[in-house]
Amino acid sequence: MARTEMRTPIESGCPDGFQYMHPVMLKNFGQWKYHEHPKPGVLRHVAESGDEIWTVKAGTQRILDVFTLRKLCEIGDRYADGHVRFTIRSNIEYMVAEESKVEPLINALSEAGFIVGGTANSVAMISHTQGWLHCDIPGTDASGVVKSMMDELVDEFKNCNMPNRVHITTSCCQINCGGQGDIAINVQHTKPPKINHDLVANVCERPSVVARCPVAAIRPAQVNGKPTLEVDEKKCICCGACYPPCPPMQINDPEHTKLAIWVGGNHSNARSKPSFQKLVAAGIPNNPPRWPEATAIVKNILRTYKEDAKDWERINDWVERIGWPRFFELTGLPFTKYHIDNWRGSRKSLNASSYIRL
Amino acid sequence: MARTEMRTPIESGCPDGFQYMHPVMLKNFGQWKYHEHPKPGVLRHVAESGDEIWTVKAGTQRILDVFTLRKLCEIGDRYADGHVRFTIRSNIEYMVAEESKVEPLINALSEAGFIVGGTANSVAMISHTQGWLHCDIPGTDASGVVKSMMDELVDEFKNCNMPNRVHITTSCCQINCGGQGDIAINVQHTKPPKINHDLVANVCERPSVVARCPVAAIRPAQVNGKPTLEVDEKKCICCGACYPPCPPMQINDPEHTKLAIWVGGNHSNARSKPSFQKLVAAGIPNNPPRWPEATAIVKNILRTYKEDAKDWERINDWVERIGWPRFFELTGLPFTKYHIDNWRGSRKSLNASSYIRL
Amino acid sequence: MAKPNHETPMLDELENGPWPSFISGIKRLRDRHADERINGMANDLLGQLEHSYETRKGYWKGGTVSVYGYGGGIIPRFSEVGKQFPESKEFHTLRVQPPAGNFYTTDMLRQLADSWEKWGSGLVTFHGQTGNIMFIGATTENTQHFFDEINEYGFDLGGAGPCVRTAMSCVGAARCEQSCANEHKIHRTLVNNFTDDVHRPALPYKFKFKVSGCPNDCVNSIERADFAVIGTWRDDIKIDQAEVKAFVDRKGRQYIIDNVLTRCPTNCMSLADDDTLEIDDRNCVKCMHCLNVMPKALSPGDDKGVTVLLGGKRTLKIGDLMGTVIVPFMKLETEEDYERLTELAEETIDFWAENGLEHERCGEMIERIGLVNFLEGIGVDVDPNMVSHPRESSYVRIDGWDEEAEKWFQRKAEVKAAASA
Amino acid sequence: MAKPNHETPMLDELENGPWPSFISGIKRLRDRHADERINGMANDLLGQLEHSYETRKGYWKGGTVSVYGYGGGIIPRFSEVGKQFPESKEFHTLRVQPPAGNFYTTDMLRQLADSWEKWGSGLVTFHGQTGNIMFIGATTENTQHFFDEINEYGFDLGGAGPCVRTAMSCVGAARCEQSCANEHKIHRTLVNNFTDDVHRPALPYKFKFKVSGCPNDCVNSIERADFAVIGTWRDDIKIDQAEVKAFVDRKGRQYIIDNVLTRCPTNCMSLADDDTLEIDDRNCVKCMHCLNVMPKALSPGDDKGVTVLLGGKRTLKIGDLMGTVIVPFMKLETEEDYERLTELAEETIDFWAENGLEHERCGEMIERIGLVNFLEGIGVDVDPNMVSHPRESSYVRIDGWDEEAEKWFQRKAEVKAAASA
Ligand code: SRM
Ligand code: SRM
Ligand code: SRM
Ligand code: SRM
Ligand code: SF4
Ligand code: SF4
Ligand code: SF4
Ligand code: SF4
Ligand code: SF4
Ligand code: SF4
Ligand code: SF4
Ligand code: SF4
């Protein structure tokens with residue numbers, strides 16, 4: 001179509017949320033006194049005014065088809081007050097003003113196949129990313145990994161038996177859109193990119209690709225007359241950062257693209273400052289459709305944490321208290337030379353004390 | 001003398017200390033049950049056997065003249081059991097088996113001008129270095145600084161009024177032989193070295209001098225025909241590391257060689273892992289014979305610590321609890337851009353949390 | 001008449017198990033939706049995805065697609081195996097900004113569903129990790145139509161590419177007793193001040209705002225936002241001693257000692273022998289732990305405000321970075337307060353736009369040039385709250401000490417004057 | 001007849017005040033000593049020192065002086081202003097190794113004083129920061145005579161230059177209830193195994209041993225020693241509950257909660273409601289705090305041993321380094337145990353001698369080549385106790401994962417087998 005016919009956008013930006021807010025929340029905005037947790041999936045917030053808002057939280061597949069979305073709306077009208085929100089972990093929350101509405105709502109959701117839970121000290125919905133369904137650089141799928149794991153963790157989502165909240169994340173490449181988590185299941189490449197030299201010249205802006213490499217392992221080169229790029233395989237840390245700007249630098253490999261598991265990422269400030277996750281297991285096969293090996297390790301870690309941690313200890317607090325050696329002992333996971341950090345600033349991760357649990 | 005006449009050394013190395021040990025200590029070696037601290041300068045150690053050893057500790061000038069040394073020996077024979085040791089802070093310790101000997105010993109030491117104290121939660125003897133008296137690279141004197149400060153801190157040495165032990169160190173150049181301390185008074189140069197180009201060629205092994213610079217600010221050069229070294233003054237951090245291997249790179253300056261004060265170095269593992277000291281004050285004049293400015297700051301810090309810290313908090317524990325902003329507030333010391341670390345690994349020193357004391 | 005369904009033996013495995021299945025959802029679109037366009041798209045999408053599962057590789061590539069007037073907001077996807085799966089060969093995602101706080105009425109959700117069925121695949125996510133509604137799967141042509149339609153009733157695209165990205169805020173004051181700020185106002189004030197930078201990518205790289213109402217940081221702002229705003233308070237924690245006693249009676253002394261007192265990062269709490277709880281608020285760092293454990297007994301103070309941290313991001317290319325405190329505390333009551341916050345964001349983005357390298361995040365730039373130079377660049381004074389501790393290294397040239405010290409004393413004097421004025 | 005005394009107006013200031021004055025001491029040597037050589041030396045030393053105080057500069061320069069058969073052990077000092085102060089123009093320091101633990105009889109001290117008066121300045125320090133007796137101020141010629149004399153009755157030089165240095169150990173088991181090792185035996189076993197490396201500097205740089213009997217680390221070994229040995233224990237802390245109750249009665253519950261429980265770095269202590277103290281020893285890191293506060297009630301366990309850390313040092317040239325745990329725990333009972341410790345020291349020094357750059361300390365080398373490569377070099381297996389936490393960065397190539405994991409499982413199996421055998 002010719003530009004002229006085109007409609008100029010209204011640059012309205014981020015819409016006002018207040019217009020969609022439940023009236024009781026609007027009325028008591030900023031005036032909440034405390035909350036209780038009557039049962040998994042249910043929150044009772046009490047306002048200074050005495051008003052109450054009851055929240056029922058349910059997990060869904062993150063990739064919603066419109067049928068599912070309409071179903072959720074239907075339930076929201078029949079059993080709730082027509083006001084909902086989605087959490088940052090893509091769970092749906094129904095807010096109602098009367099306790100009486102809670103049970104019918106829960107039943108309706110359960111009958112429709114949604115999972116009520118995910119509150120407080122449960123295993124929260126796994127935050128996931130795009131993967132094979134949509135991304136251009138994924139080493140694995142995200143929706144599939146999450147679905148497979150949630151199938152196995154559903155009881156931990158429906159119940160609150162963990163010492164504290166458990167926030168699990170996944171990422172389908174080392175770029176790590178999923179961010180950090182109490183437990184993170186992330187792609188970890190193990191071999192340098194295979195370069196399709198015929199394509200580099202046309203597809204890649206070579207100087208900027210060279211600039212992307214964290215360890216300066218890429219240099220311009222000539223292969224049968226064509227300008228291309230080559231990788232110093234001694235230096236290469238197989239991170240895949242060169243792949244998005246230069247797809248011919250194929251980092252993904254059905255065999256050598258593995259999964260790694262990290263624990264102890266905690267972003268709340270509660271008890272201790274926000275902490276980064278630490279590597280615990282790697283070399284895990286990237287095994288669709290259900291990734292059983294990765295799930296088994298996650299469940300092992302969760303079981304150990306559940307048995308050994310104290311109330312209110314997040315995974316990082318727990319390991320901080322019992323020490324990493326015992327973490328590896330209790331989980332039976334191997335400790336290798338790869339667990340010793342060698343990235344910048346890593347000296348601070350060495351044990352410069354006599355602190356040893358014996 | 002001709003080599004032939006020379007005596008071949010007996011390479012006996014470190015002598016056996018047991019031969020000089022007090023018999024009661026020898027008998028109860030490794031069998032001590034607990035200790036008490038009856039009064040400043042006095043320790044009572046009780047063995048499983050019920051035996052006791054009483055220690056009386058006294059401070060001296062670290063640079064002993066033989067008269068003083070003989071005096072100490074005399075007292076050791078008259079009032080003690082002839083067995084002594086020197087602590088790693090150069091205090092003398094007399095060990096006696098009977099409580100009855102303690103008071104007379106204390107009196108004899110005091111009369112002879114030695115200072116009994118330095119135990120437990122006192123301000124310990126300042127550990128010092130060589131300075132102008134003997135070293136080849138000092139920016140200040142050590143014995144003089146320590147004498148001046150101990151004159152002012154003598155009551156804190158004689159009494160145990162501090163929340164916990166206070167270990168003060170000094171160093172007469174940035175090489176820092178004095179090591180770290182709860183409080184450290186160290187030389188800090190503020191200008192790049194002045195180079196005597198005529199001498200460099202003869203005196204310095206230029207490649208190794210170049211190699212010594214932590215920031216690679218030194219490069220070979222020619223000055224009026226002579227090979228010499230030059231310094232990139234933009235890069236130079238004025239550390240003085242080039243001076244020992246190359247004395248013509250004069251780092252010491254009557255005006256620009258200053259003192260800096262650091263706090264929070266703690267090497268015991270008690271309560272927290274060993275910690276490095278942090279910069280708190282700099283630009284302090286190097287002002288012989290009594291360095292009043294530096295002493296005033298040290299006393300200010302000690303007073304604040306004494307008033308505000310809890311029992312058993314070392315200076316680092318205390319500041320850790322009250323936070324650095326309050327440390328600067330309470331001491332009235334200025335916080336400047338120089339307090340923000342920029343050396344390798346320093347990112348870990350930034351506040352990556354919402355932890356703020358308001 | 002629709003062509004036969006692709007075999008999806010591997011994907012079918014993902015229909016088993018109790019958790020809702022996205023595969024079943026896509027199949028519903030394939031089998032039960034009225035619109036053949038959608039049936040076909042879903043079928044070929046499943047086909048390509050099955051192919052990925054079998055070969056363990058992805059088959060999408062990027063490109064450039066945008067709506068008229070904008071440069072970003074869409075993640076273009078063209079299939080590398082479009083021949084086998086023609087009906088989903090163009091499968092772009094529109095990133096649409098949700099209402100601040102993610103509040104919806106069911107009516108509005110239905111309206112969005114209607115529009116999306118008309119123009120898109122029927123697959124949607126509330127929300128992506130950055131916070132956008134992701135309408136997944138539209139042809140190049142239909143992205144424009146869909147956008148035009150929803151833009152008419154108040155929705156706009158979010159960011160993609162080197163630009164200001166969609167922001168995120170927690171549920172906060174709408175429902176949470178811990179909230180110390182109006183998260184949604186902060187959220188919209190900030191991001192809507194930069195709509196041009198959202199829609200027309202021209203920055204060194206992406207820039208994200210995130211707002212949490214308290215230090216629990218339910219939106220991971222410190223870890224994931226270039227510009228993190230976190231609610232906090234300045235006065236004392238409110239203690240309801242009766243509720244404390246009730247808690248002690250219920251749980252026992254040892255429980256409160258082991259679970260509250262000893263978990264306080266600054267050990268600033270103490271339980272008197274008569275079971276009254278004492279807090280040395282001077283040393284409370286507002287970590288939230290005790291308030292989280294005893295929400296009935298303890299509440300944030302009344303003198304509320306926010307802390308701002310800059311520079312959080314993920315791994316590329318120097319390693320993960322958390323944000324650094326730039327504004328220890330500021331009030332957000334008057335419009336002037338909000339303007340000050342917006343100005344800080346503008347200063348930051350302008351300085352970064354000028355000094356950041358290509359594909360360099362704000363935090364990476366700070367790391368490269370040093371925090372002090374960055375602060376000077378945006379005109380913010382150094383503050384001890386910006387560091388966990390002062391320097392440990394003596395390797396620094398400090399011949400400007402006296403002038404710098406003078407600056408500090410002057411600032412202190414000004415504050416004093418202002419206070420007494 | 002002696003020449004007039006130098007004016008020392010500034011130094012005279014240092015004779016005021018209560019603390020014993022080193023200036024008064026030097027003046028005693030100048031004015032009251034029988035030997036004119038010493039009077040003159042002291043006088044010129046004061047003269048040069050006064051000159052330093054007035055000009056704020058040092059006037060000593062180094063050189064090379066050693067005794068027959070040795071390459072080090074002496075810090076040579078020649079005056080740059082020797083013309084003005086001729087009698088102290090050669091003023092070398094002899095570094096002499098003290099008995100382990102710094103024990104002396106007054107008789108031995110007198111004997112040393114006699115020899116030093118005969119040959120030296122009469123100025124001596126017990127001890128320098130590394131631990132040597134420093135006999136400060138001898139002419140080149142007299143260093144030999146003095147050494148010959150004291151060497152006859154059992155004293156030997158310490159280290160100076162790029163060599164193994166004099167070691168240091170705390171008073172330890174001789175008097176301290178916290179001691180978990182025979183500090184003095186460890187001290188002598190280690191350093192006396194390297195006398196050749198002490199006396200003949202031929203290493204990349206200096207190498208220091210330090211031994212503390214417990215984690216209080218009274219000799220600062222973690223911070224200051226290339227090779228730190230620290231006593232510790234493996235079994236439970238011994239609790240005398242009666243003494244605990246006595247402590248609680250004396251100080252009150254709140255005091256023990258605030259000063260002991262909440263200060264425990266792992267929060268592994270708990271005070272039951274009946275005032276019995278519970279310690280989860282599994283999680284005790286042997287920090288010593290509670291034992292320090294309650295030495296009567298708490299004592300180290302019986303299954304004692306040591307932890308070894310490598311690489312501590314000061315600032316040059318990459319910044320201060322603390323040691324890193326290399327051996328989490330080893331018993332030191334049999335001679336074989338001691339041999340294992342000595343072998344570790346030999347392996348370390350050999351590898352460093354081969355791979356260290358000129359003037360590069362062991363810790364700097366470890367930092368440069370990476371801990372893992374160092375461990376492989378000295379044949380020590382990786383252990384999680386060597387780190388505070390595993391890696392945070394995903395930037396690593398791990399295609400050897402399976403083999404490395406195998407190693408771990410094998411080691412575990414061996415340990416198990418050994419245990420059951
Ligand atoms: C709904 C949600 C905010 C939103 O706007 O969407 C939310 C809501 C609440 N959070 Fe959160 N948090 C939410 C994500 C987070 C996150 C981010 C995340 O999940 O990735 C964090 C930080 C993550 C991290 O550190 O890894 C987070 C860290 C907390 C904490 C701190 C926990 C801790 O001890 O470390 C609390 C305090 C607590 O647990 O009492 C908290 C407490 C709460 C409370 C109880 C606050 C209140 O009084 O209402 C809310 C009820 C949560 C529940 O369902 O039990 N919320 N909370 C998010 C729900 C996600 C989900 O569906 O599972
Ligand atoms: C869709 C989403 C994952 C999801 O399914 O939720 C996503 C998907 C992509 N991210 Fe992301 N990121 C998404 C949230 C994040 C987050 C989380 C956040 O924003 O809180 C992060 C970590 C925080 C941060 O910003 O660092 C994140 C860090 C990245 C990075 C690494 C940035 C860095 O500096 O380390 C890249 C790579 C890049 O931008 O070059 C990236 C790049 C991408 C690209 C555009 C891949 C590419 O370069 O082509 C992915 C497009 C996938 C697709 O086809 O839709 N994505 N990405 C999230 C955006 C949805 C939304 O808009 O709501
Ligand atoms: C004598 C000496 C060891 C020696 O072989 O010379 C020694 C001896 C004792 N130390 Fe020490 N420490 C000695 C230097 C040190 C040092 C090193 C230093 O001073 O530079 C440290 C670590 C320094 C640091 O961390 O900066 C040190 C950290 C401790 C600690 C841990 C304190 C803390 O809480 O951090 C204790 C435990 C305590 O205080 O109860 C301790 C406790 C003790 C006890 C009470 C151990 C005992 O039960 O006998 C001894 C009596 C000390 C006293 O006089 O009160 N000693 N102690 C050293 C005396 C130096 C002096 O004359 O002042
Ligand atoms: C004498 C003494 C200070 C004192 O008065 O106590 C001292 C004095 C000197 N030290 Fe030191 N250091 C002394 C203990 C230390 C310590 C403390 C320790 O050993 O526990 C350290 C810190 C720990 C360490 O080893 O790192 C120390 C770190 C240094 C350094 C920096 C080493 C580094 O790698 O950072 C140098 C510079 C060098 O060696 O190139 C140095 C160099 C020197 C020199 C040789 C200066 C030079 O290069 O010419 C000084 C000779 C002064 C003199 O004329 O006697 N001295 N030096 C200490 C030795 C006495 C003794 O043998 O007992
Ligand atoms: S993590 Fe990687 S693969 Fe997955 S969505 Fe993000 S960029 Fe794409
Ligand atoms: S994979 Fe990473 S390290 Fe290897 S060449 Fe590409 S960008 Fe560089
Ligand atoms: S600190 Fe510097 S000046 Fe002082 S003795 Fe050590 S090396 Fe010499
Ligand atoms: S003073 Fe330090 S930084 Fe400057 S040139 Fe010398 S060694 Fe280099
Ligand atoms: S961040 Fe704080 S205010 Fe916001 S929802 Fe979480 S707990 Fe409530
Ligand atoms: S909020 Fe955190 S820091 Fe403040 S008192 Fe409670 S636990 Fe302690
Ligand atoms: S280090 Fe331990 S054993 Fe040695 S003296 Fe100090 S407290 Fe005693
Ligand atoms: S020694 Fe330290 S870690 Fe162990 S129980 Fe006592 S205080 Fe806790």
Side-chain angles (χ1 to χ4, degrees), chain A residues 6-15 17 20-21 25 29-30 32-34 45 60-69 73 76-77 82 84-86 88 113 132 134 136 138 143-144 147 150-151 154 176-177 179-180 214 241 252 254 267-271 274 276 288-290 311-312 343, chain C residues 10 13-14 17-20 22 25 28-29 52-53 56 58 60-62 68-69 97 99-106 109-110 113 117 122 124-126 129 148 151 154 156 173-175 177 184 188 191-192 195 215-217 220 222-224 259 263 287-289 295-296 314-315 317 319-320:
Chain A
M6 302 293 285
R7 168 184 172 281
T8 354
I10 306 161
E11 303 207 28
S12 46
C14 172
Y20 305 117
M21 221 180 261
M25 292 163 81
F29 190 82
W32 297 96
K33 200 166 184 310
Y34 66 91
H45 284 85
T60 69
Q61 64 273 51
R62 190 183 81 148
I63 308 290
L64 299 176
D65 55 288
V66 281
F67 291 102
T68 306
L69 180 59
C73 292
D77 297 339
V84 301
R85 66 183 298 277
F86 291 90
I88 83 147
W132 290 329
H134 198 271
D136 57 339
S143 319
K147 156 70 177 162
M150 288 313 290
D151 278 341
V154 68
N176 191 12
C177 298
Q180 307 233 336
N252 288 311
H267 312 129
S268 88
N269 291 272
R271 296 172 305 283
F276 289 119
R290 296 198 70 98
D311 290 7
W312 295 100
W343 190 247
Chain C
M10 289 184 98
E13 293 293 317
L14 291 171
W19 197 262
F22 68 108
R28 273 191 290 274
L29 294 172
S52 282
Y53 271 59
R56 299 187 179 182
W60 298 111
K61 60 173 182 300
Y68 175 66
Q97 296 192 52
N102 302 343
F103 300 100
Y104 299 90
T105 53
T106 46
L109 288 175
R110 265 198 218 79
E117 277 179 312
V124 59
T125 286
F126 297 90
Q129 293 292 332
D148 288 341
N151 187 230
D156 196 0
R175 194 189 63 192
E177 71 270 19
H184 319 117
R188 295 184 69 230
V191 76
N192 287 350
T195 35
N216 279 327
D217 198 5
N220 303 318
I222 294 178
E223 178 227 349
R224 297 195 198 175
N259 289 277
R263 309 286 184 91
C287 87
M288 300 303 296
H289 174 71
K296 270 182 151 170
R314 284 284 55 64
T315 319
K317 78 182 213 183
D320 295 57

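So you know, we letter chains A, B, ... as the sequences are listed, proteins then strands, and number each from 1.
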[X] to [Y] - nearest heavy-atom pair and separation:
X	Y	result
A/Arg62	C/Thr125	O-OG1, 3.1 Å
A/Pro214	C/Lys317	CB-O, 3.3 Å
A/Ala270	C/Asn216	CB-OD1, 4.2 Å
C/Pro20	A/Gly113	CG-O, 3.5 Å
A/Cys14	C/Ala100	SG-N, 3.6 Å
C/Trp19	A/Thr60	NE1-O, 3.3 Å

Side chain, backbone, both or neither: which part of [X] has a heavy atom under 4.5 Å from chain C?
X	result
A/His45	side chain
A/Leu64	both
A/Trp343	side chain
A/Phe67	side chain

side-chain contact (heavy atoms from CB on, under 4.5 Å), that's the test. Do C/Trp60 and A/Trp132 meet it? Break it down for me. CA-CA 8 Å; C/Trp60 298 111; A/Trp132 290 329; over 6 Å; no

Non-hydrogen atoms of chain A under 4.5 Å away: do they reach the side chain of [X], the backbone, both or neither?
X	answer
C/Lys296	both
C/Arg224	side chain
C/Arg314	side chain
C/Leu14	both
C/Glu223	side chain
C/Asn192	side chain
C/Val124	both

Are C/Ile222 and A/His267 close enough, and set up right, to give a side-chain contact (heavy atoms from CB on, under 4.5 Å), and what steps lead you there? CA-CA 7 Å; C/Ile222 294 178; A/His267 312 129; over 6 Å; no

Can any side-chain N or O of [X] pair as donor or acceptor with the backbone N or O of [Y] at less than 3.5 Å?
X	Y	result
A/Arg290	C/Glu13	yes
A/Asn269	C/Cys287	no
C/Asp156	A/Gly13	yes
A/Arg85	C/Gly101	yes

Highest number of heavy-atom pairs under 4.5 Å with chain C: which of [options]?
options	result
A/Gly144, A/Gly76, A/Ser12	A/Ser12
A/Asn252, A/Val154, A/Asp311	A/Asp311
A/Gly179, A/Cys177, A/Ala241	A/Gly179

Counting only heavy atoms not in C/Lys61, do more than 12 sit closer than 6.0 Å to its NZ atom?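 Result for NZ/C/Lys61: enclosed.
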
Using a cut-off of under 4.5 Å for heavy-atom pairs, which of C/Gly62, C/Pro18, C/Pro295 has the most such pairs with chain A?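 Most pairs with chain A among the choices: C/Pro18.
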
For each of C/Ala174, C/Gly154, C/Gly319, tally heavy-atom pairs with chain A at distances under 4.5 Å, and name the one with the top tally.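 The residue among C/Ala174, C/Gly154, C/Gly319 with the greatest pair count is C/Ala174.
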
Taking the six-membered ring for Trp and the single ring otherwise, decide whether the centroids of C/Phe103 and A/Tyr20 are under 6.0 Å apart.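 No - the distance between ring centres of C/Phe103 and A/Tyr20 does not fall below the 6.0 Å cut-off.
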
For the [atom1] atom of [X] and the [atom2] atom of [Y], what is their distance to the nearest 0.5 Å?
X	Y	atom1	atom2	value
C/Asp320	A/Phe276	CG	CZ	5.5 Å
C/Arg263	A/Trp312	CZ	CH2	10.0 Å
C/Thr195	A/Ile10	OG1	CD1	13.0 Å
C/Asn102	A/Ile88	CG	CD1	9.0 Å

Looking at side-chain heavy atoms only, is the closest gap between [X] and [Y] below 4.5 Å?
X	Y	answer
A/Asp65	C/Phe22	no
A/Phe29	C/His184	yes
A/Leu69	C/Arg110	no
C/Met288	A/Ser268	no

Taking atom types as modelled, is there a side-chain donor on A/Arg7 or C/Asn151 under 3.5 Å from an acceptor on the other?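 Yes, a side-chain donor-acceptor pair sits under 3.5 Å.
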
Establish, from distance only, whether the side-chain atoms of A/Asp77 and C/Thr106 form a donor-acceptor pair under 3.5 Å.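 Looking only at side-chain atoms, C/Thr106 and A/Asp77 do form a donor-acceptor pair, the distance falling under 3.5 Å.
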
If you apply the rule side-chain contact (heavy atoms from CB on, under 4.5 Å), what do you find for A/Arg271 with C/His289, and how did you get there? CA-CA 6 Å; A/Arg271 296 172 305 283; C/His289 174 71; 2.9 Å; yes

